[in-house]
Every structure is written in structure tokens, then in C-alpha cells.
Amino acid sequence: IDTANGNSTATISVGSGAYSLMALGTKIYVPNSSDDTVTIIDTENSNATTTIGVGDRPRYISAIGSKLYVTNNDAGTVTIIDTANGNSTTTVQVGGAPVGIITLGEKLVISDTANDSIIIMDTANSNATTSVRVGAAQYYFTSIDNKIYAANRGDNTVSIIDTENGNATSTVGTESSPYNLDAIGSKLYTVNRFSDSVTVIDTANGNSSSTVSVGTNPYALASIGSKMYVYNAGSGTVSVIETDSTAPSVAVSSPTEGTVVSAQIQLTASASDNYSVSGLQFQVDDVNVQSEDTSAPYTITLNTTNLTNGS
């Protein structure tokens, strides 16, 4: 989908049974679970495709540097594709039924759905693996700082693995069937499929939790800025959760309060926010002055001769 060209579309043939894809540089990599292959799409070469054989039923893919890591669900392995070395491949046995995979520094975090475990693979230590038991029927997981959070559908909890503390684990209760999860800042949002809700875990405040009602059978979620968007599979809707309850602060540094001004003057101000500041709009008597300034320091020139005295 070309978003810069009226969302025009093009279709590229890949293999069968793809669950995921990822970009690395100018290439797209698609694991084909039914074909035991990965398709490579070269976006700089007319979307030409090549295919690499991997393990049995590849599912998800992640990258550290120039190396790609593909989970092979039925083989209990991870295939490593070295894109800087002619796409040569090696295989690491991890056991179980590896599915999801994300990076945490130089480590790979892999969900093992057969053993209700998280596998941690240390790529800086000869790809050594450690298995950590979590809750029942976990599938999706994410990380915040150096902690891993896994949603356990079978026992309505989120498991927390502290990778800086010997992989010690703890749990936080959720509502029915926690599934997908995502984070904004230090807060974790987990959809509860059978409770039509989202559990919010404040990881910076003792993992205290609260609940937000959404649509029927929430399934997936994604964030943009301070908003969390929740796809409700049962109602075909998207719920929007506004996570930012803190207003931005603005201070005018020039001219100072009470200063009598005339002719042309410089207006200067600063702004801060707990998320980000996209720009600052100067106003006089609730009327915009010039266009929004999108880069700090925020300053404009104001011609006061066009204003009423005392305004």
C-alpha cells in the first residue's frame, strides 16, 4: 500500500500460510508456515522475490543486527539467516513448540506454547538457551525495560520475568482470557477476550492494575502516541483508549508579564509534556498568530501595531 500515492496497492506472491513478516533494510522477509520457507522481497529491485528453506512450520521472525531469527513451530528450532553472508542459514535447537519471538538487547525471547514457557536465547553467548515457566496457554508477550510480560489465557494472569534478577517470575491477575498485549511508556495494556475489557498494568507503580471496558471480544491492539487502539473482533469495531491524562505545560519567557510593548517584538515560549511536544501555537486574545511552530526554541515576531492598545 503506497500511502504517499493515494493508498494505491500492489500484490506480491509469496509462499503459503504466512503468519508474519518483517522489514530489514530495504527487504521484506515472510515466513511461509505451509512451505517451510522464507520469502525475501527486494523492494529496491522491482519487488523481486527469492526463497530460503528453513525448519518445519516457520511462524514468526525477528532480527538482531544483520541476522534474522525464525521460529520453526513443529521442529522445536530457530533458523538463523545471516543476511550479511549470502543468507546462509544455521539451526539452533530450542525445544518445545516455539512461536512468537522478540528481541531484548542481545537476547531473543521466544514463546514455547507446548510447555507454557518462555525461552530466552543469548545470541552473545553461543546462542545458549534458558527456559522459564509461565502460566497456562500463553501466546503473546512483550517487554518493558528488562522485564518480559506474557499473557496467560489459561489462568487469567500476566507473568512477569525479571531478566536482571535471575529470571525471577511474578504474576498479575487479569479478567477472562488475556490474549494480546502492548505498552505505552511504563503501562501495559492486555486485551481480555471473554470479558470485553482491557487490563492496564502500571509497571512503574508496583504493577497495580485497573480495567477499561471496550467492545465485544477484543483481539488485538496497537498504539499511536498516547492513544491505544483496540480491535474488537466480535463487534467489528476499534475502541480508542486515551492514556494521557496529563496536560502539557507552557511558559512564556519573553516578553515577561506586565511588560509594555510596542512596534515589533519577539515572542518566546517553552513547552513540555510527559509524552512529547509536536508544536506550539502562539495566540493573542484567543486568535492564532502565524502558523504553529514545530521546533524548539519556540519563537515568532509579532507586529503589535495591528493590536488594540491594552490587549
Side-chain angles (χ1 to χ4, degrees), residues 1-10 22-26 43-44 105 142-146 181-191 198-206 208-215 218 220-232 237-311:
I1 302 173
D2 189 346
T3 62
N5 188 23
N7 291 323
S8 60
T9 61
M22 77 165 297
L24 184 64
T26 59
T43 65
E44 285 194 328
T142 190
S143 65
I144 300 176
D145 296 327
N146 289 298
L181 65 178
D182 195 8
I184 295 181
S186 62
K187 290 186 177 178
L188 183 73
Y189 297 78
T190 305
V191 295
V198 171
T199 295
V200 184
I201 301 173
D202 189 347
T203 67
N205 189 25
S208 60
S209 63
S210 58
T211 303
V212 179
S213 295
V214 290
L221 69 175
S223 61
I224 299 177
S226 64
K227 292 182 172 63
M228 184 66 72
Y229 297 82
V230 182
Y231 168 60
N232 307 303
T237 61
V238 173
S239 298
V240 183
I241 303 173
E242 175 53 74
T243 68
D244 188 4
S245 59
T246 304
S249 61
V250 180
V252 177
S253 56
S254 177
T256 57
E257 185 176 359
T259 301
V260 177
V261 297
S262 61
Q264 289 192 336
I265 61 168
Q266 290 288 117
L267 297 182
T268 305
S270 60
S272 62
D273 185 69
N274 58 321
Y275 282 97
S276 63
V277 176
S278 59
L280 187 146
Q281 177 65 63
F282 287 94
Q283 292 185 331
V284 175
D285 295 336
D286 297 323
V287 177
N288 289 347
V289 179
Q290 299 182 22
S291 58
E292 178 180 326
D293 191 346
T294 58
S295 60
Y298 304 107
T299 182
I300 63 169
T301 300
L302 174 66
N303 185 358
T304 65
T305 60
N306 297 324
L307 303 177
T308 304
N309 287 338
S311 63

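What's counted below: heavy atoms across the whole structure, side chains too, no hydrogens, waters or symmetry copies. These numbers come from a predicted model, not from an experiment.
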#### Entry: Any side-chain donor near an acceptor of the partner, Thr190 and Thr199, under 3.5 Å
no
### Query
Is a donor on one side and an acceptor on the other found under 3.5 Å between the side chain of Thr43 and the backbone of Thr26?
yes
#### Entry: pair Tyr298-Val277: side-chain heavy atoms closer than 4.5 Å
yes
### Message
What I'd like to find out is whether the side chain of Val214 reaches to under 4.5 Å of the side chain of Ile241, using heavy atoms alone.
### Response
yes
### Query
Can you check whether Asp182's main-chain N or O pairs, donor with acceptor, with Thr142's side chain at less than 3.5 Å?
no
#### Entry: Non-neighbouring partners of Asn232 that pass side-chain hydrogen bond (donor to acceptor under 3.5 Å, both in side chains), sequence neighbours left out
Thr237, Ser239
#### Entry: Criterion side chain to side chain donor-acceptor pair (under 3.5 Å) on Ser249 and Ser272, from CA distance to verdict
CA-CA 5 Å; Ser249 61; Ser272 62; 2.7 Å; yes
### Message
Test your reading of the model: is there a side-chain donor-acceptor pair from Gln290 to the backbone of Gln281, 3.5 Å cut-off?
### Response
no
### Message
Does either side chain, that of Gln266 or that of Thr299, offer a donor lying less than 3.5 Å from an acceptor on the other one?
### Response
yes
### Message
Restricting to non-hydrogen atoms, name the atom on Leu267 and the atom on Pro255 that form the minimum distance, rounded to 0.1 Å.
### Response
CD2-CD, 3.4 Å
### Query
Side chains of Asp285 and Thr308: closer than 4.5 Å at any heavy-atom pair?
no
### Query
Do we see a donor-acceptor contact under 3.5 Å between the side chains of Gln264 and Asn303?
no
#### Entry: Trace of the side chain to side chain contact (heavy atoms under 4.5 Å, CB included) decision for Ile184 with Met228
CA-CA 8 Å; Ile184 295 181; Met228 184 66 72; 3.6 Å; yes
Name each donor-acceptor pair under 3.5 Å that joins a side chain in residues 220-227 to protein atoms two or more places apart or in another chain, with its distance.
unit_1, atom_1, unit_2, atom_2, d
Ser226, OG, Glu242, OE2, 2.8
Lys227, NZ, Glu242, OE1, 3.1

### Query
Got a sec, which residues hit side-chain hydrogen bond (donor to acceptor under 3.5 Å, both in side chains) with Asp244, two or more places apart in sequence or on another chain?
Asn274
